[in-house]
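Throughout, protein chains are lettered first and strands after them, A, B, ... in sequence-line order, and every chain is numbered starting at 1. Just so it is clear, the model here is predicted, and its values are computed rather than measured.
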Number of protein chains: 2
Amino acid sequence: MSEAIEQAAPKAKRPTRAHRREEILAAATRVFGSKGYHQGSLVDVAAQVGITHAGVLHHFGSKDKLLWEVLEYRDRVDVQHLEGKHIPGGMDLFRHLVTTARLNADRRGIVQAYAVLTGESVTDGHPASTWVAHRFSVLRGEISQAVLALATERDVQLPDGEAERAANAVIAVMDGLQLQWLLDPDAVDLAEATRFSIESILTATLGSTVEITSA
Amino acid sequence: MSEAIEQAAPKAKRPTRAHRREEILAAATRVFGSKGYHQGSLVDVAAQVGITHAGVLHHFGSKDKLLWEVLEYRDRVDVQHLEGKHIPGGMDLFRHLVTTARLNADRRGIVQAYAVLTGESVTDGHPASTWVAHRFSVLRGEISQAVLALATERDVQLPDGEAERAANAVIAVMDGLQLQWLLDPDAVDLAEATRFSIESILTATLGSTVEITSA
DNA sequence: CCACACTTACTTACTGGTTAGTAAGCCCGT
DNA sequence: ACGGGCTTACTAACCAGTAAGTAAGTGTGG
């Protein structure tokens, strides 16, 4: 899917199609992140890679399609630091979530893009809404699975729907903390607050202290 | 502040200034909620009250000022169901938060407006960003105060900054749950999920079971 | 009590700006 | 020499804000 991203210096050759698309996706992530989808224009995106907005459309066809690829691009970046490509389960999943939060504290642009697009997605007919809804439902499934695994591991019998409630709370707290952190980075330590919140929810759900140790 | 809103049928007189402004604010809340601030136009707002966009500007001067008044309007609506106008402390505050969540489940428009504008506010130079940041800091203060009150009440010694961490988690979970609920109302029971999440955080923070009983 | 002065609540018409998308053509590398 | 990658040029739509005009109301002095 991504070959030939190297070749940085030698002669300023014409960029390959794949490389150019990657550049545009990175630029679009920055622009949509800092201005939102509707307010961020193709002209802005194009300017960042030194071409005109028609050049961007040449590669992506329409603004909507560009957004879709940006969202998929984020997914790719999100899991690229995992060794095995599969998402972990049980306690490893929560460790992964905290680790991601720690990494995110140094990737403001991506966090901002995610927050802005998620917020915008609740507007009527927004092109990102199905993507966000789908993402939530996938996360919900994975996290509630992990909660159930922990409960089984600790011989705890959970009331019906409790794992889903905990999963919703975990997702909510991560998104909410990102918002607060974006608006006032000094008020929230993203990684620490995420760890604290998830631990709290798991501890209360499982009825015994849960600690998430660093990876 | 609001006199002569009655007089429904008789002759279709000219609406008073106060009444007209109220109508426009309600319309703007709907429009900004369903389309966002940038994408929602003054023409949209004006059409909902049956005037032109210039008529809206006559009352509010500019789109930015209209937004500001919409945000203040939401604050007013938010606390109007409280008997005494002051915000409660201690356990009453958490009861209030859950009650508000329950009411919000039947006020989708307002929740949507809040979510959309909060999300948009993290974009660069957004007119709502200072309002949202201020709102967060006020909430943070009130909630951490309430957590401290509960801790004192139960003779619990909290580590330094623990009350603020809990407050951040509570705020985050409420915002995050609203997002999920807006995108998929069937996946989240707003009031129930809010109660569960806040109880979890408080229970874990205070080290003993906390239950939030209905008001 | 009523006419004249003034204010309020708009409308219509316009300005200057920005937008996504299209069409046609140019240039460079292969 | 040909095709991909791009530019220039354009369109049609939409935007917030301004200016000027109008009709309906309100207050007041005689």
Side-chain angles (χ1 to χ4, degrees), chain A residues 3-5 7 10-28 31-32 34-70 117 120 123-128, chain B residues 3-5 7 10-28 31-32 34-70 117 120 123-128:
Chain A
E3 69 291 296
I5 305 193
Q7 131 233 287
K11 198 63 191 302
K13 296 181 58 174
R14 175 148 63 148
T16 66
R17 177 169 188 81
H19 182 250
R20 199 49 140 184
R21 284 175 55 95
E22 203 85 19
E23 276 187 313
I24 294 171
L25 285 176
V31 169
F32 292 159
S34 64
K35 304 220 207 178
Y37 173 71
H38 285 300
Q39 199 60 11
S41 71
L42 294 178
V43 174
D44 293 330
V45 175
Q48 290 210 12
V49 289
I51 61 176
T52 64
H53 88 280
V56 172
L57 287 170
H58 167 72
H59 285 287
F60 290 92
S62 76
K63 198 188 180 188
D64 272 34
K65 285 182 197 155
L66 174 60
L67 173 62
W68 268 94
E69 299 225 29
V70 164
L117 291 173
E120 251 187 307
T123 59
D124 303 341
H126 195 280
Chain B
E3 70 293 291
I5 304 194
Q7 130 237 290
K11 201 66 191 300
K13 294 184 60 176
R14 173 149 67 145
T16 66
R17 177 170 186 81
H19 181 252
R20 200 50 139 185
R21 284 174 57 95
E22 203 85 18
E23 276 187 312
I24 294 171
L25 285 176
V31 169
F32 292 160
S34 63
K35 304 218 207 181
Y37 173 71
H38 285 300
Q39 197 63 10
S41 71
L42 293 180
V43 174
D44 294 329
V45 174
Q48 289 210 15
V49 290
I51 60 175
T52 64
H53 89 279
V56 173
L57 287 170
H58 166 72
H59 285 288
F60 291 92
S62 78
K63 197 187 180 186
D64 272 34
K65 286 181 196 156
L66 175 61
L67 173 64
W68 267 92
E69 299 226 29
V70 163
L117 292 173
E120 249 186 309
T123 59
D124 303 341
H126 195 282

Given dG5(D), dT11(C), dG21(C), identify the nucleotide with an atom nearest to the side chain of Arg17(A). dG5(D)
Does Arg20(B) make a side-chain N or O approach to OP1 or OP2 of dT8(C) shorter than 4.0 Å? no
Round to the nearest Å and state the distance from Leu57(A) atom CG to dT8(D) atom P. 15 Å
Sub-3.5 Å pairs of nitrogen or oxygen atoms, protein against nucleotides 15-19 of chain C:
residue	atom	partner	partner atom	Å
dT19(C)	OP1	Ser41(A)	OG	3.4

Could you check how far NZ of Lys65(A) sits from P of dA20(C), rounded to whole Å? 15 Å
For His58(A) and dG25(C), what is the distance between atoms NE2 and C1' respectively, to the nearest whole Å? 14 Å
Nearest whole Å is fine: how far is dG4(D) C1' from His19(A) NE2? 17 Å
Compare all side-chain heavy atoms of Arg21(B) with those of Glu69(B) and state whether any distance is below 4.5 angstrom. yes
Check: His38(A) and His126(A) side chains under 4.5 Å, non-hydrogen atoms: yes
Using whole Å, report how far CZ of Arg21(A) lies from C1' of dG5(D). 13 Å
Please report, rounded to the nearest Å, how far the C1' atom of dA16(D) is from the CG atom of Leu67(B). 14 Å
His59(A): partners by ring pair (Phe, Tyr, Trp, His ring centres under 6.0 Å), with sequence neighbours left out: none
Does Gly36(B) offer a backbone N or O that forms a donor-acceptor pair with the side chain of Glu120(B) under 3.5 Å? no
Taking the side chain as every heavy atom from C-beta outward, state whether Gln39(A) and Thr123(B) have any pair of such atoms under 4.5 Å apart. no
If I compare all heavy atoms of Pro127(A) with all of Tyr37(A), which pair ends up nearest, and what's the gap? CG-CE2, 3.7 Å
Using a heavy-atom cut-off of 4.0 Å across all strands, would you classify Ile51(B) as base, sugar-phosphate, or nothing? sugar-phosphate
Quick one: closest heavy-atom pair of Phe32(A) and Lys63(A), and the distance? CE2-CE, 4.1 Å
Protein-nucleotide distance (His59(B), atom NE2; dT11(C), atom P), rounded to Å: 9 Å
When you compare the side chain of Arg20(B) with that of Ile51(B), does any pair of heavy atoms fall below 4.5 Å? yes
Between N or O atoms, less than 3.5 Å apart, protein on one side and nucleotides 9-11 of chain D on the other: list the pairs.
none

Quick one: Phe60(A) CZ to dT22(C) C1', roughly how many Å, whole number? 19 Å
Decide yes or no on side chain to side chain contact (heavy atoms under 4.5 Å, CB included) for Leu25(A) and Leu66(A), but give the supporting numbers first. CA-CA 8 Å; Leu25(A) 285 176; Leu66(A) 174 60; 4.0 Å; yes
